[in-house]
Amino acid sequence: MFAVTLLLAAILGAAVWLVIHNAQRAVSEEMQASIALAGDLVDNTIRRDDDALGAARRLSEIGHLRHLCLSLIERRGASPSGGCTNPESAGAPAWFAALTRPETLPERRLMVAPDHAMVILADPDDEIAEAWQDTRGLLALLVVFYLATIAVVYRLFGRALVPVRRIDAALARIEHGDYGIRLPRFSLPEFDGIAAQFNHMAAALDAAQHENRRLREHSLRIQEDERHNIARELHDELGQSLTAIRADAAGILARGDRLPAGVAESAQAIAAVAGRIYDQTRLMMRRLRPPGLDELGLDAALEDHVASRQRSHRDVSLAYTGCDRLADVPTAVAIHVFRLVQEALTNALRHGRPSRIDITVGLEAGRLRVDVRDDGDGFDSQVCRPGVGLSGMAERIDLLGGQLQVDSRRRHGTHIHADIPLA
Ligand SMILES: Nc1ncnc2c1ncn2[C@@H]1O[C@H](COP(=O)(O)OP(=O)(O)OP(=O)(O)O)[C@@H](O)[C@H]1O
Ligand SMILES: [Mg+2]
């Protein structure tokens with residue numbers, strides 16, 4: 001559109017230039033012709049008169065004629081004083097006069113007597129005014145034509161570009177992952193064909209996205225189920241066996257002095273190793289399945305998790321704010337929220353060197369809002385490539401149909417915010 005406007009403006013400019021150029025040429029030719037004609041007439045009149053100087057004086061008293069002035073001067077090289085302008089001239093606008101006025105005005109000198117000359121000077125003002133009268137209508141017509149053409153072109157282009165704009169907007173939506181968008185039918189067959197192809201592509205992408213989502217959901221569910229099973233096995237099998245080993249060792253030690261030399265020490269060592277393995281196993285179980293999540297719900301599980309992290313990071317102040325109603329959050333959602341807080345907390349402690357971390361989880365108008373805010377080093381998301389942790393968070397929240405926002409700036413801490421619908 002801009003190019004078309006520019007082209008039309010260039011055509012208008014050329015037409016205006018041509019009109020003004022013609023006007024300038026007409027003014028110049030008219031000046032030349034007037035000076036030549038007046039010169040011949042004045043010359044004839046003076047020559048025929050016996051008193052040439054007297055005739056010249058009489059003629060000079062006429063002063064200003066159409067397009068020219070007559071003046072009698074006394075010395076050969078002198079110029080007439082005051083130039084030649086008609087005060088009654090109707091006048092043209094200054095810009096038009098400036099563009100059409102000839103650069104050098106013609107003049108003619110006729111020697112009347114040895115020390116007197118008759119000077120005929122050109123006055124272009126009348127001619128310029130006439131040229132303006134002739135030209136202004138044409139110029140106005142050109143401007144009106146230009147504006148009307150621009151209006152028509154804009155309207156036609158606007159209509160013709162509607163499908164292009166809609167296709168462009170639809171492609172932008174696809175670029176942002178909105179595969180549900182579809183284009184309407186267009187009257188122009190070419191655009192209609194493109195719309196049909198576009199809709200076909202969007203439908204294929206939509207189906208692929210759904211399938212992808214389903215698979216991711218499935219794999220996360222399997223992962224959590226598997227972790228759950230391993231935690232239960234660890235508890236039921238390894239935990240029980242370790243408890244039995246520790247009980248046996250305690251039984252041996254209970255015999256006291258009746259033990260052969262060295263047996264008591266060995267039993268003590270067995271009990272100590274079994275105790276360490278038991279502690280490690282409990283830690284692994286906690287990581288595999290948050291304790292209390294299934295029985296007590298999200299709030300209790302998060303409170304317990306934050307308290308446990310606080311015990312191992314005494315130099316950082318951790319503050320958890322939840323609410324009782326979180327107990328009603330379904331476990332399928334709760335496990336993802338728990339993992340999100342777990343990873344956000346780990347990241348803050350591992351990368352951020354914060355002095356304080358605030359964790360807030362609340363329910364508001366059927367939406368679960370999670371905030372993990374630290375006052376640590378922060379990071380530049382443009383420079384920092386997301387690892388498994390951040391992309392895992394995004395994936396979990398996406399599967400829940402929510403939105404994840406990661407705000408972080410160097411030296412200004414990090415804020416992780418998730419907004420999840422519960423319906
Ligand atoms: N709270 C935070 N404070 C400072 N930097 C952070 C924070 N959270 C994330 N980062 C930066 O973002 C990067 C990506 O984090 P992400 O959790 O995705 O990966 P990671 O923690 O490096 O590894 P992992 O895959 O084990 O989680 C981190 O390496 C770290 O540089
Ligand atoms: Mg991480």
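Scope of the values below: all heavy atoms of this structure, side chains included, with no hydrogens, waters or symmetry mates. First listed ligand is number 1; within each ligand, the first listed atom is number 1.
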What pairs of donor and acceptor atoms, side-chain ones from residues 328-352 against any protein atom, are under 3.5 angstrom apart with sequence neighbours left out?
from, atom 1, to, atom 2, distance (Å)
His336, ND1, Arg396, NH1, 2.9
Arg339, NE, Glu224, OE2, 2.9
Arg339, NH1, Arg287, O, 3.2
Arg339, NH1, Gln342, OE1, 3.0
Arg339, NH2, Glu224, OE1, 3.0
Arg339, NH2, Leu288, O, 2.9
Glu343, OE2, Asn347, ND2, 3.3
Thr346, OG1, Arg309, NH1, 3.2
Thr346, OG1, Gln342, O, 2.7

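- In this structure, the protein non-hydrogen atom closest to atom 17 (O) of ligand 1 is Asn347 ND2, 2.7 Å.
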| Working for salt bridge (charged side-chain N to carboxylate O under 4.0 Å, His left out), residues Glu211 and Arg213 | CA-CA 5 Å; Glu211 181 60 12; Arg213 198 188 171 92; over 6 Å; no
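- Between Asp374 and ligand 1, at least one N/O pair is under 3.5 Å apart.
- For ligand 1 and Thr414, the ligand atoms under 4.0 Å from any heavy atom of the residue are 1 (N), 2 (C), 3 (N).
- Taking every heavy atom of Val388 and a limit of under 4.0 angstrom, the matching atoms of ligand 1 come to 18 (O), 25 (O).
- Residue-level check: among N/O/S atoms of Glu343, OE2 sits closest to the Mg ion (ligand 2).
- When only interatomic distances are considered, the shortest N/O to N/O separation between Ala344 and ligand 1 does not fall below 3.5 Å.
- In this structure, a donor-acceptor pair under 3.5 Å is present between the side chains of Gln405 and Asp407.
- Protein heavy atom in closest approach to atom 13 (C) of ligand 1: Cys384 SG, 4.0 Å.
- Taking only non-hydrogen atoms, the option from Glu343, Arg350, His351 nearest to atom 30 (C) of ligand 1 is His351.
- For Thr346, every N, O or S atom stays at 2.8 Å or more from the Mg ion (ligand 2).
- To the nearest 0.5 Å, atoms CZ (Arg227) and CE (Met284) are separated by 12.0 Å.
- For CZ of Arg282, the number of neighbouring non-hydrogen atoms (other residues, nucleotides, ligands) closer than 6.0 Å is 12 at most.
- Atom 6 (C) of ligand 1 has its closest protein heavy atom at Phe379 CD2, 3.2 Å.
- Counting only non-hydrogen atoms, the option in Gly352, Ala348, Gly387 that gets closest to atom 19 (O) of ligand 1 is Gly387.
- Using a 4.0 Å cut-off between charged nitrogen and carboxylate oxygen, Arg289 and Asp225 do not count as a salt-bridge pair.
- The existence of a salt bridge linking Arg356 and Asp358 is confirmed by a sub-4.0 Å separation between a basic side-chain nitrogen and an acidic carboxylate oxygen.
- The option with the heavy atom closest to atom 16 (P) of ligand 1, from among Asp377, Leu349, Leu390, is Leu390.
- Annotation: the span from Arg325 atom CZ to Leu363 atom CG amounts to 5.0 Å, rounded to 0.5 Å.
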